[in-house]
Structures are given as C-alpha cells and as structure tokens.
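Letters go in sequence order (proteins before strands), and every chain restarts at 1.
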Number of protein chains: 2
Amino acid sequence: MRTVFWEDDKVKMIDQRLLPGEFVIAEFETVEGVARSINEMYVRGAPAIGATGAFGMALAAQNSPAIDRNSLLADLAAAKELLDAARPTAVNLTWGTRRLLELAERTLLPELDDIRSALLAEAQALADEDVEINRRMGFNGAAVIPEGANLLHHCNTGALAAVDFGTALGVAFACQEQGKPIHVWVDETRPRLQGARLTAWELMRAEIPMHLIADNAAGHLMRTGKVDVVIFGADRVAANGDAANKIGTYKLAVVARENGIPVYCVAPTSTVDLNLAHGDLIPIEERGAEEVTGIGEKLIAPEGVPVYNPAFDVTPHRYLTGIVTEEGICYPPFTKSLAEAVGKAQARVEENRKARG
Amino acid sequence: MRTVFWEDDKVKMIDQRLLPGEFVIAEFETVEGVARSINEMYVRGAPAIGATGAFGMALAAQNSPAIDRNSLLADLAAAKELLDAARPTAVNLTWGTRRLLELAERTLLPELDDIRSALLAEAQALADEDVEINRRMGFNGAAVIPEGANLLHHCNTGALAAVDFGTALGVAFACQEQGKPIHVWVDETRPRLQGARLTAWELMRAEIPMHLIADNAAGHLMRTGKVDVVIFGADRVAANGDAANKIGTYKLAVVARENGIPVYCVAPTSTVDLNLAHGDLIPIEERGAEEVTGIGEKLIAPEGVPVYNPAFDVTPHRYLTGIVTEEGICYPPFTKSLAEAVGKAQARVEENRKARG
C-alpha cells in the first residue's frame, strides 16, 4: 500500500486527516483537486507531497486539451503554479513539479500523447525512486542507532509521509528489519497531532515498542536520561544545513544539545534546497486558528481567541549532529557535505533515466 | 469572585474542568469530596489547592463527631493524610493542611466548637492572605517587565490558579493596573490545555492583548525575537531554586536561556520547600493516559496506545533569572535568597495572627 499512487487515470491517496479513526482512499481527477489535497492535508510529509505534485503534473498533461506542444507546456506551467502554491515550506513539492515540467520542456518526442505517457512514467519513476531512496536513507540512519536505543521522534515521517517506508521513522523500520531492538517516544505533535494520529498508528502496526507523549514531556525525558537519539525529518534544508521542519523541532533540538543527546535530521536530497544560503530564507507557512482552537468539531479554547499558528520552525545547523540522506550521512561543514550528496543523487537519477531508456 | 471559598458550611469552587465552555460552582460537604476535587482537578494551581486543603481541614473539623480534643486531632490527622494524597507535586497542599493541623495541635482553646471556629478562621485568613500575597508578588514581578514587553506564559497561573489574582499571570495583571502595555503569548499547555482553556479566558476577560499558541510554537517565537520575558509559576521550589512546574516548563526555560531571554519563576514562599535540597527530590506526578489520548470524549490517538504522561518537570535553577516571591525577587544564589524570603514571610504570618488576636 502506497500513500499516494496513480490508478484508473486518477491520483489516489490515503486521506490522512481521517486516520487513525478511518482508512479512506481519496481520489482526484483534476489538478485543482490535487492542489486542494495538499493544502488541506489529505496528504502531508515532504516526500509524499513531492510525489503528489508529480502525479498532479501527469494528471494536468492527461487532462490538457492541448493540440500543440506550446499549449501543453502552458497548461503544465499553469498546473505547476497552482500545485506549488498549495504549501510553501516543503521544497519537495516544487522539486517534484519542476522535474516533470523540465522533462516536458526538453523531450524530443513529437506526439503529445507520447509526452503525456512520458510524464506519467516520470511521476511513477519518482514515486518508485522515493521508496528506494527512503530504504537506503533508513539503513544509513540505522547505522548510528545503538542497540536498545530510545529514540525521540517528532511529527510523522513514516510511510505516510512518503510514498512508502518514510524518512526519520524509516530509520526505526530499518532497525526493526535488522533485528535491532529500539523503543520510540512519540511526540504527539500539536497542533495537528501527526504523532498521535499517524506515527503511533504506524509504529503499533509495525509492533515497534513506543510510548505516546505530550510534546511538553520531551524535555523531562531528555533531562532524566531516557532519550538516546532525537530524530526528525525536514520540509526544507538550506545549503548550510539549517532545517525547516514541523513546528516544535527547534525546541527539541536545543534541549537535546543541552543534554548531550545526538540529533539527526533525516531527509532525502530532494529536500535540500541549495538555492537558499540559510534557514531564515525558508518561507514559513502560517495556518488557520482552528487547528489550535479545536480538535475536530470540539472547541478547546474561548471563542474568538486570537491565535498565532506557524506550521514550521527552523533549526539552525549547529544543533544537528548529522543530516541523514539517501547518499549517506552528511556531517558539518554541511555546506560541503550536502552539496556533495545532492550531486551524487542527481547523477543517480540521470543514470536511472538512461537505464529506463 | 474567588476560585475557592467557604459558604453555607461547604467548600465551594469554580469547576475549572468545564471552562471556558461552562461556568459552574461545585460544592463539597465532605473531606472525601474535597480530596476528589483536587485529584480530579476541579481546582488546580499550587496556591489554589493550598487554600482548598486548608478549607478541607476546616470542613473536617466541622464534620468531626469528636467529643474530646484527642479524637478531633485524630480526625484532623486522618483528613490531612487523605487531602495530601490527592496530588503529590505541589507543596502548597501539605503547607495548607499542616498550617491548620498545627493550629489545632497548639491551641489552648478548651471548647471543641471554639477550635472548629478557629480552624475555619485560619483557613479564611490563609485564603485572604493568598490574595494579598499574590498582589504583592505580581507588583514585584511587574517591576522587571519592560514597557511593551512580549511575555511568554505557560499553563495557568492566574486568578484561577490561586484564590484570586494569581502568580505569574498576576504579573501581567499588575502591569495592566500600572497602565504598562504588554502582550502575552499563551502556551496552550498540553495535555490538559490550561493555557488554552483558562489563561486565554482570563486574559480575554481582562482585555490584555494575547495570542494563543501551540506549545511547539514557543521556540520559533523566541528564536525570531518575538519574546522578551518568559514567566511561569511553580508547584514546588527546592531550597536551591530548582523548580517543579507544569510539564513543558523545562523546555521553555532551556530555549529561553539559549536565546538570551530572561526567565522568571513566580511563586509565593508557600511553594518553597526548604526541606528539599534540590529538584530531583521533588515527586513528579504521573497522570492517566486519557489526558493525552483524548480531548473530552474525542479520541485523538489509536485505541490502546501506550502513553507516558508526567504532569510536571523540574527546571534546574541555573536556567532561572530570578524567582519572584511576595517578599521580593530572589536572585542567585537561591539557597540564600529563598531562605531569607521564607523567613520574612513566616514572620509576617505570625504578626498577622497576633494582630487578629
């Protein structure tokens, strides 16, 4: 089961808003629908929305009534703009849509329907690569996890955050495949509770030992020696290693360093944005008050209360022990190690594309 | 309106579990009921449960069928044990019940009904003193708040956490009385949401500018220069200044220090436990899983998920800029400054008792 996939000429995905209560597959036949699925968080997680963006572009090509190449490219450019605007922080979204648009721009295929097919094949390849990348990244990370370690994990970075397997939580899955015992402290991750709803659900299904905690409890656990490694994903990593991730990550990283606990950000090279020199250039999405004032229909704060709800924060690179990518673990100085990892990954994509013909 | 009070031979209190949705006054006619009101958090906040414990002792005296002094003392000792067990972390509870029991033990009044009246008068005096103490403490704290400051506040420490006025939030009320403009970032304070439910409600009623935030957003605000002072209360302060407070306080204090932001713990001397050398000796209450897995009836995590739910954490004294008490602001070395403040406060209680006759 994949988080997002193509079937019957539609983009289909697990509606993650309903988990763990209900397991529903949502279907989208239009680019507008796919953009909405990202904005309303049917699907979330940087790699997963990267793949969703790519499938959205394939859908745009399929639905385009264009009868010449330029009209098709114009429709694809419009679709890219619509999709990219759905969420501003995760760079994987624009990475996925750009990869599809660039293919359309440079292809030598003369027939529009062949271009449409090539775009769908590229989106499929991107999704398949995501799974393979995540597995490599997970095992890269598992190498630094001691036997019997207590991991502390923020948000959801499991199979649901990617096409499959996951990023930071993939490290836990890799430990399990290796037969290495671990235990995971699961931050519930307010306001949207991705930890309580999604990570807890994934770990329980996988039968990996875990405890759910309020985010506020993480400091107490670290100070009292109950955490060995802190792991989380990222929505965008700047060239210098500063990492934007789900709100609350920065606090965790600071408190971990204060307690001498290693901190690993686990993110594929598609999450690295070499165009941004540092993290304060990363746009931080602000979301609606209702995410904080209510749980579902239930109001948990006074009506009309003013709310500030940033969805991400930036963890400066000095708090990171390493950044785990599919090309290995990057260590400081990150400006050098990240650029090398991105270069290796790009070469690999090119090779794969040639291998597919 | 007081948070807890004596009326018609009963202990009455605002049922804080129902705020902000409903405003209900709960009534208790038995010591068992009062102990339950503390354990189930009808009433919470260190000073408020101190006063509730004292009223519980007065109720025990009133309800005791004793016809001799020794039986009355035995009933009071049993009541103290029951009340003290209701919540382990806040020292104010045992402070309040001990003050009443000691009065009963040393009084020279020959008539049991006179002892009963004296105990009720002592509980009333303790409640009245609490309000007066909080006002002094609030203005002591206000002296270090700059004009236009952005305060970051955790949990609820307002009128609802005390008999009236409050501790850390009392500092905000004192600023307002002085006409000093401030703005408060209100941590929602998972898992029980005392910030979202109670602090937001109190500040909105007082028309003090505020924004509610997820606890996870506090670090982002501090790192991006939007917080000038961090303030919170305490449930118990050890002799060296280590402070136990609502879970999540430790993380805040660490991140504040990392960003050069002053951190004030605001707590009356009744919260200081000179018998404990340091904070790791403070018992930390663990509460039920349902506080984390649900909001009211609504389940927000997979059924049967394992949970770890400590209600408090300890902030080592090195993260505190100062501890604001009713006897002034204590600065490092806290072992000296706290002992002095406690001494002054005890002398003041004795004077007041003599003044009452």
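A donor-acceptor distance shorter than 3.5 angstrom exists from the side chain of A:T199 to the backbone of A:C155, with no hydrogens or angles considered. Under the 3.5 Å distance criterion, the side-chain polar atoms of B:D164 are left unmatched by any main-chain donor or acceptor of B:A159. Checking side-chain atoms of A:Q16 against main-chain N and O of A:L198 turns up no donor-acceptor pair under 3.5 Å.
The residue among B:P191, B:A311, B:P316 with the most heavy atom pairs within less than 4.5 Å of chain A is B:P316. Here B:V305 is the residue among B:D313, B:V305, B:V292 with the most heavy-atom pairs under 4.5 Å with chain A. Looking only at heavy-atom pairs under 4.5 Å with chain B, the residue among A:R197, A:R223, A:K251, A:K298 that has the most is A:R223. Taking B:I247, B:D280, B:T189 one by one and counting their heavy-atom pairs under 4.5 Å with chain A, the maximum is reached by B:I247. When each of B:A289, B:G304, B:A217 is scored by its heavy-atom pairs under 4.5 Å with chain A, the top score falls to B:A217. The most heavy-atom pairs under 4.5 Å with chain B, out of A:K246, A:M222, A:E188, come from A:E188. Ranked by heavy-atom pairs under 4.5 Å with chain B, the first of A:T224, A:V255, A:T315 is A:V255.
For A:E303, the part lying under 4.5 angstrom from a heavy atom of chain B is the backbone only. When heavy atoms are compared at a cutoff of 4.5 Å, A:M210 approaches chain B by way of both its backbone and its side chain. Neither the backbone nor the side chain of A:V186 comes within contact range of chain B, judged by heavy atoms closer than 4.5 Å. Proximity to chain B (any heavy atom under 4.5 Å) is restricted, for A:L221, to the side chain, taken from C-beta onward. If you measure heavy-atom distances from A:I300 to chain B, the contacts under 4.5 Å come from both the backbone and the side chain. Of the atoms belonging to A:Y308, heavy atoms from both backbone and side chain fall under 4.5 Å from chain B. Neither the backbone nor the side chain of A:P209 comes within contact range of chain B; no heavy atoms are under 4.5 Å apart. Heavy-atom distances place both the backbone and the side chain of A:P306 under 4.5 Å from chain B.
Ion pairing between a basic and an acidic side chain is recognised when a charged N comes within 4.0 Å of a carboxylate O; A:D215 and A:R190 show no such pairing.
When each of A:I182, A:L151, A:I208 is tested with A:C175 by the rule side-chain contact (heavy atoms from CB on, under 4.5 Å), just one qualifies, namely A:I182.
To the nearest 0.5 Å, atoms CZ (A:R87) and CZ (A:F312) are separated by 4.0 Å. Going from atom CG of A:N216 over to atom OH of B:Y250 covers 13.5 Å, rounded to the nearest 0.5 Å. Separating the CD1 atom in A:I145 from the OH atom in A:Y264 is a distance of 7.5 Å, to the nearest 0.5 Å.
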- Message: As a quick check of understanding, evaluate side-chain hydrogen bond (donor to acceptor under 3.5 Å, both in side chains) for B:H278 and B:N240, giving each step before the final call.
- Response: CA-CA 6 Å; B:H278 59 80; B:N240 70 344; 5.7 Å; no
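In this structure, A:H183 has its ring center closer than 6.0 angstrom to the ring center of A:H211.
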